[in-house]
*Asks:* 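Let me begin by handing over the structure; questions about it come next.
These numbers were taken from a predicted model, which means no experiment stands behind them. For this chain, numbers begin at 1 and follow the sequence in order.
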Amino acid sequence: MSEVELANAALMRQYYEEVFNRRNLAFMREHLHEDVVGHGPGVDDVVAGAEQVAAFSAYVYQVYDDYRFTVENVAAQGDRVVVRGSVRATHKPTGRTVRFFGITEYRIEGGLIREYWRAYDRHDLYEKQLGGWRP
C-alpha cells in the first residue's frame, strides 16, 4: 500500500474506535468533510452534511447501550477504504442484545471522509432480533 493508503486505513481504524466505541462526536466532526454524503443501508437512505451524520450517530448512541464495533478487516486502495466488522449492543427500547455485521466503503478526500456507502442486514436486525421494532 502507498503511504496515503496506509494513512487512510489508519484513520478509519482510529475513527471506528473513537466514534463508535468511545462515542467521540468531536473526533467525528474533525474528520468529516463538511459536505460529506452517506449512502445506505437502503437504496434511498442518504445523509448529507457533517451535522446530519453526527446527529444520526448521536441517535444511535441513545438507542443502543454498550454499543461495540469490532473491526475485522480494513482494505485501502487509492482514495477508498473498506471497513468490515461486527456490532454487539443492547437495544434500550426492547432490552434485547443485538449482533450484526456491516461493511462500509469510504472515500477520503484531503484526509477527511467525503462520502460513504454502508450496508448491513436491516431485515435480520429489525425483524428477527428486535421483533419488528422500527426507529
Side-chain angles (χ1 to χ4, degrees):
M1 277 195 270
S2 73
E3 285 188 34
V4 169
E5 290 166 340
L6 289 170
N8 288 345
L11 168 64
M12 294 318 303
R13 283 186 184 281
Q14 185 179 14
Y15 185 86
Y16 272 76
E17 182 58 32
E18 290 293 330
V19 174
F20 295 109
N21 296 335
R22 295 185 182 168
R23 299 179 176 214
N24 186 345
L25 289 176
F27 185 91
M28 171 187 270
R29 286 185 178 97
E30 290 172 20
H31 294 88
L32 291 176
H33 188 283
E34 66 180 331
D35 296 321
V36 62
V37 177
H39 307 274
V43 173
D44 295 325
D45 296 340
V46 176
V47 180
E51 287 308 311
Q52 275 196 345
V53 173
F56 177 78
S57 292
Y59 167 76
V60 170
Y61 301 160
Q62 291 174 352
V63 175
Y64 293 98
D65 201 17
D66 64 1
Y67 188 100
R68 179 77 187 165
F69 191 101
T70 301
V71 173
E72 295 167 357
N73 191 42
V74 176
Q77 184 176 15
D79 65 349
R80 306 296 171 117
V81 179
V82 176
V83 177
R84 178 180 52 83
S86 59
V87 170
R88 182 178 181 90
T90 303
H91 183 250
K92 289 180 186 177
T94 64
R96 295 180 180 182
T97 298
V98 297
R99 294 179 357 174
F100 58 95
F101 72 91
I103 187 164
T104 304
E105 177 183 347
Y106 294 88
R107 182 169 62 88
I108 310 297
E109 183 179 285
L112 300 174
I113 299 169
R114 182 64 178 90
E115 193 168 14
Y116 64 85
W117 298 262
R118 176 167 291 143
Y120 63 91
D121 188 346
R122 287 195 304 184
H123 177 77
D124 182 74
L125 176 62
Y126 295 133
E127 296 301 324
K128 293 181 180 178
Q129 296 184 57
L130 295 177
W133 183 91
R134 288 286 187 270

*Asks:* Please report the interatomic distance CG(Leu125) to NE2(His91), rounded to the nearest 0.5 Å.
*Replies:*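 Leu125 atom CG to His91 atom NE2 measures 7.5 Å (nearest 0.5 Å).
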*Asks:* For side chain to side chain contact (heavy atoms under 4.5 Å, CB included), just list the numbers for Arg114 and Asp35, CA-CA rounded to whole Å, side-chain angles, deciding distance to a tenth of an Å, and then say yes or no.
*Replies:* CA-CA 7 Å; Arg114 182 64 178 90; Asp35 296 321; 3.9 Å; yes
*Asks:* Relative to the ring of Tyr15, is the ring of Phe20 parallel (under 30°), tilted (30 to 60°) or perpendicular (over 60°)?
*Replies:*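 Geometry flag for Tyr15 against Phe20: perpendicular rings.
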*Asks:* When clusters are formed by joining ILVMFWY residues with side-chain heavy atoms under 4.5 Å apart, either directly or through shared neighbours, do Phe27 and Val83 land in the same one?
*Replies:* yes
*Asks:* Please answer: with hydrophobic residues joined when any side-chain heavy atoms are less than 4.5 Å apart, are Leu25 and Phe56 in the same cluster?
*Replies:* yes
*Asks:* When hydrophobic residues are tied together by side-chain contacts of less than 4.5 Å, even through go-betweens, does Leu112 share a cluster with Ile108?
*Replies:*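 They do not share one cluster, since no chain of ILVMFWY contacts under 4.5 Å joins Leu112 to Ile108.
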*Asks:* Please report the closest heavy-atom contact between Pro41 and Ala119, naming both atoms and the distance.
*Replies:* CB-CA, 4.3 Å
*Asks:* Which pairs count as salt bridge (Lys or Arg N to Asp or Glu O under 4.0 Å) when at least one residue sits in residues 68-78, sequence neighbours excluded?
*Replies:*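 Listed by first then second residue: Glu17-Arg68, Glu72-Arg84.
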*Asks:* If you apply the rule side chain to side chain contact (heavy atoms under 4.5 Å, CB included), what do you find for Val37 with Val46, and how did you get there?
*Replies:* CA-CA 7 Å; Val37 177; Val46 176; 3.9 Å; yes
*Asks:* Return yes if some donor-acceptor pair links the side-chain N/O of Arg118 with the main-chain N/O of Gly38 below 3.5 Å, else return no.
*Replies:*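 Looks like no, no N/O pair under 3.5 Å.
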*Asks:* Of the non-hydrogen atoms in Val81 and Ala76, which two are nearest, and what is the gap between them?
*Replies:* CG2-CB, 4.1 Å
*Asks:* Is atom CD of Glu109 surrounded by more than 12 heavy atoms (other residues, nucleotides or ligands) closer than 6.0 Å?
*Replies:*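 Result for CD/Glu109: enclosed.
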*Asks:* Do Asn21 and Phe69 make a side-chain contact, defined as non-hydrogen atoms from C-beta onward lying under 4.5 Å apart?
*Replies:*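 SC-SC contact between Asn21 and Phe69 confirmed.
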*Asks:* Determine whether Gln129 and Thr97 make a side-chain contact, defined as any pair of heavy atoms from C-beta on separated by less than 4.5 Å.
*Replies:*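 SC-SC contact between Gln129 and Thr97 ruled out.
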*Asks:* Go through Arg80 and Asn8 one step at a time and tell me if the side chain to side chain contact (heavy atoms under 4.5 Å, CB included) criterion holds.
*Replies:* CA-CA 8 Å; Arg80 306 296 171 117; Asn8 288 345; over 6 Å; no
*Asks:* To the nearest 0.5 Å, tell me how far Tyr67 OH sits from Arg23 CZ.
*Replies:* 9.5 Å
*Asks:* Is there a path of hydrophobic side-chain contacts, each under 4.5 Å between heavy atoms, that joins Phe101 and Tyr16?
*Replies:*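 Phe101 does not cluster with Tyr16.
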*Asks:* Considering non-hydrogen atoms only, spot the tightest contact between Val74 and Ala9 and give its length.
*Replies:*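 Closest heavy-atom pair between Val74 and Ala9: CG1-CB, 3.8 Å.
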*Asks:* List for me each residue that meets ring-ring contact (aromatic ring centres under 6.0 Å, His included) alongside Tyr116, sequence neighbours excluded, and say none if there are none.
*Replies:* Tyr106
*Asks:* Any chance CZ of Arg99 has more than 12 other-residue heavy atoms, nucleotides or ligands included, within less than 6.0 Å?
*Replies:* no
*Asks:* With a 4.5 Å limit on heavy-atom distance, are the side chains of Ile103 and Val82 in contact?
*Replies:*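 Result yes, sub-4.5 Å side-chain heavy-atom pair found.
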*Asks:* Mind checking the NE2-CD1 spacing from His31 to Ile113? Nearest 0.5 Å is all I need.
*Replies:*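 Going from NE2 on His31 over to CD1 on Ile113, the span is 8.5 Å.
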*Asks:* Decide if atom NZ of Lys92 counts as having more than 12 heavy atoms of other residues, nucleotides or ligands within a radius under 6.0 Å.
*Replies:*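 Atom NZ in Lys92 is packed in, count exceeds 12.
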*Asks:* Please tell me whether Tyr120 and Val60 are part of a single hydrophobic cluster in this structure, the criterion being side-chain heavy atoms less than 4.5 Å apart.
*Replies:*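 Cluster IDs for Tyr120 and Val60 match.
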*Asks:* How far apart are the C-alpha atoms of Met28 and Glu18, what are their side-chain angles, what is the distance that settles it, and do they pass the side chain to side chain contact (heavy atoms under 4.5 Å, CB included) test?
*Replies:* CA-CA 8 Å; Met28 171 187 270; Glu18 290 293 330; over 6 Å; no
*Asks:* For residues 46-65, pull every pair meeting side chain to side chain donor-acceptor pair (under 3.5 Å), keeping only residues two or more places apart or in separate chains.
*Replies:* Arg29-Glu51
